[in-house]
Amino acid sequence: MKIIVLLFMLTLEAQCQESGNFWWKNKDLVNSASQSRSLKESSAKIRTLPPRYRHEKEEVTTKKAVSLYDRDSHENEDNHAEYKYDNEPDCVCVPKNLCNSNNTLITDGNGLIDERSFNLCGTGNICCRLQKSTSKPIPQKITTTTQRNFLNFNISNITNLISTILRPVESTDFKPTTVKPASNLQCISKKGKRLQERILIDDEAEEGDEHDQVGETTFAEYPWMIELLKINQKTRVFEYKCGAVLVNPTTALTANHCLKSKVPSNFQIKAGEWDRSSALEYLPHQDRSVSKIIAHPQYYAGGLYNDIAILKWNSPLKLELNVQPLCLPEENEIIPTGTRCIVTAWGKTAQNSPTTDRLKFVRVPIVDHSKCQKQFRDFRLGPRFRLHESFVCAGGEEGLDACNNDGGSPLVCKRPDSDSYILAGLVSWGLDCGLKDVPGAYTNIFNLLKWIKHNL
């Protein structure tokens, strides 16, 4: 009986092997199962790699991706822009500073860019309280560069004062040409003549000097410059906060990030200011209390999008040699890439330097938008950073840049084939100061022109 059963089993096995009914005896099925298992293992490995992104019109299957990885794993491990694998995780490997607290990639510069408004302690530092001492501190008189004290002048100041009295400057000699734009508001399209040692220097000759890319301005050379002050809630003294630009006798423009407090009574403006440490200037400055602040409704503090605000006051400024509004650009007007424009400010000349007392200027070239975005990406902001359309870039030359405390100050460009100047931007943010191939970001006046004119 056992012999019969054994013969039956051997016969049945031979027939199944020949027909392939038992998979473990079928070589094709065994090979297919082995390949399927290898494919799953390889796919699992790939899903743990940094994602790769294919071009829009390119379709790559998992099988192709697996074979590609097997052929050249080392070459494709660092390539993040060619292929996208099926079922990959929705993430990308980046430095820690490019990922926010929600584990989401930063593409707008939030937390990475440097606002260029006044910061007491400088970039990267905070003001930390000291432990209270048991002994009473010696009281000290608080002074700021914006306060005036006629008793604190030296012999040179007295000499300058006498010289000013005995030889007054004829304002008609310096009165700039004015134009009337479409808004019918009188504005100035030419900067003032340089006044140095009481000698007039020709503007056109100065513009061609290659060495004169940065330096100290002279009195009334940039009469549209405004100093924005904010009250110190402890000392109740108005202190320097940012720059601004005069666009008509009752209105100025500044950067929105300078106005974290939108309470108008906390701010004042000084028009006609030049040397913040001296009261002995040819003409006095004019002070006004801000009565209204109009912030751009689409301002985004994280990436400083639409970084602009309008300041208004009730009593119009008296137009003088040192107080003149600057013209806004016309609609559809363009400043070509590479044009050297002028930034004026009282801020820092370097990252860790103090603010300046006399108004400074620097000439910086306009940078193409896409080139600027790439330079920001390469330097700090990562390959996914997107430069918003509300910014225009300028700079990128070593040692020539706006810096901290310059926020809100004007970027002024000369019109092509003309001697007239227009407002092109406001100092907004940057990445450090004065580095090669790292331009600064300015609020794009051309992009926001309709909103500005609507709210003037």
Exercise. Evaluate the criterion ring pair (Phe, Tyr, Trp, His ring centres under 6.0 Å) for residue pair Tyr442 and Trp429; output intermediate values, then yes/no.
Key: CA-CA 7 Å; Tyr442 298 77; Trp429 60 270; 9.9 Å; no
Quiz item: For Glu333, what residues pass the salt bridge (charged side-chain N to carboxylate O under 4.0 Å, His left out) criterion, not counting sequence neighbours?
Solution: Arg415
Quiz item: Between Leu311 and Thr254, is any pair of side-chain heavy atoms under 4.5 Å apart?
Solution: yes
Quiz item: Can a salt bridge be assigned to the pair Glu397 and Arg340 using a cut-off of 4.0 Å between side-chain N and carboxylate O?
Solution: yes
Quiz item: How many angstroms lie between CD1 in Ile422 and CG in Leu326, if you round to the nearest 0.5 Å?
Solution: 8.5 Å
Quiz item: With sequence neighbours left out, what residues match Phe267 under ring-ring contact (aromatic ring centres under 6.0 Å, His included)?
Solution: none
Practice problem: Could you tell me which residues satisfy salt bridge (charged side-chain N to carboxylate O under 4.0 Å, His left out) with Asp287, sequence neighbours excluded, listed by chain and number? | Solution: Lys270
Quiz item: Can you find a heavy atom in the side chain of Leu229 that is under 4.5 Å from one in the side chain of Ile269?
Solution: no
Quiz prompt | Contact check, side chains of Leu319 and Pro325, non-hydrogen atoms, under 4.5 Å | solution = yes
Quiz item: Counting heavy atoms not belonging to Lys312, are there more than 12 under 6.0 Å from its NZ?
Solution: yes
Quiz prompt | Lys262 NZ: over 12 foreign heavy atoms closer than 6.0 Å | solution = yes
Exercise. Look at Glu239 together with Lys230 and state whether they make a salt bridge at an N to O cut-off of under 4.0 Å.
Key: no
Practice problem: Could you tell me which non-hydrogen atom of Trp346 sits nearest to which non-hydrogen atom of Ile226, and how far apart they are? | Solution: CZ3-O, 3.7 Å
Quiz item: Salt bridge check: are Asp432 and Arg380 linked by an N-O gap of less than 4.0 Å?
Solution: yes
